[in-house]
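Have a look at the structure below, then the notes.
Starting from 1, each residue takes its place in the sequence as its number. Quick caveat, the model's predicted, so the values are computed rather than measured.
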Amino acid sequence: MKNIKIEFVARGALKIPEWKSTYTLRPELLVISSSLMLHGFIQPIHARRETGEIIDGSERYSLFMNVDEISRTHGEMIPVVFHDCDKLE
């Protein structure tokens with residue numbers, strides 16, 4: 001089993017990709033938002049190291065960036081696991 005290295009990056013260091021494989025409905029976003037406010041990031045965001053493009057967690061990242069209460073409660077740093085991969089991987 002490979003050890004996972006979680007890094008903490010500043011707000012705005014990542015970017016949401018242009019593609020989106022799923023669409024999250026408003027009720028689900030409200031649940032995610034509530035969870036982030038209560039518990040913070042339980043699971044880190046996953047992103048490409050080379051570009052900072054998010055692979056997994058774009059909804060959580062978007063909520064963190066746009067809901068002031070979440071970032072005020074949990075600070076300006078976001079837990080991220082970076083991956084060395086290209087767009088096809």
Exercise for review: Applying side chain to side chain contact (heavy atoms under 4.5 Å, CB included), name anything that partners P79, two or more places apart in sequence or on another chain.
Suggested key: I6, F8, F41, P44
Review point. Backbone N or O of L14 within a donor-acceptor pair of the Y61 side chain at under 3.5 Å?
Key: yes
**Study point:** Whichever hydrophobic residues join I55 through chains of side-chain contacts under 4.5 Å
**Key:** none
Check your understanding: Going by the side chain to side chain donor-acceptor pair (under 3.5 Å) test, which pairs reach into residues 70-79, not counting sequence neighbours?
Key -> R11-S71
Review point. According to a 4.5 Å side-chain heavy-atom criterion applied to Ile, Leu, Val, Met, Phe, Trp and Tyr, with indirect links allowed, do V81 and I45 form part of one hydrophobic cluster?
Key: no
What side-chain donor-acceptor pairs closer than 3.5 Å can you find for residues 24-40, not counting sequence neighbours?
from	atom 1	to	atom 2	distance (Å)
T24	OG1	E59	OE2	3.0
E28	OE1	L25	N	3.3

Check your understanding: Sequence neighbours excluded, which residues qualify as salt bridge (Lys or Arg N to Asp or Glu O under 4.0 Å) partners of R49?
Key -> E7, D84
Review point. At their closest point, which heavy atom of A47 faces which heavy atom of V80, and how far apart are they?
Key: CB-CG1, 4.1 Å
Check your understanding: Can you list the residues that meet the side chain to side chain donor-acceptor pair (under 3.5 Å) rule with T51, with sequence neighbours excluded?
Key -> none
**Study point:** For S62, all residues meeting side chain to side chain donor-acceptor pair (under 3.5 Å), sequence neighbours excluded
**Key:** N66
Point to revise | Electrostatic pair R48:E53 at N-O distance under 4.0 angstrom | key: yes
Practice item. With sequence neighbours excluded, tell me which residues meet side chain to side chain donor-acceptor pair (under 3.5 Å) with H46. Key: H83
Point to revise | 4.5 Å side-chain heavy-atom contact, V9 and F82 | key: yes
Check your understanding: Is the closest side-chain heavy-atom distance between D56 and Q43 below 4.5 Å?
Key -> yes
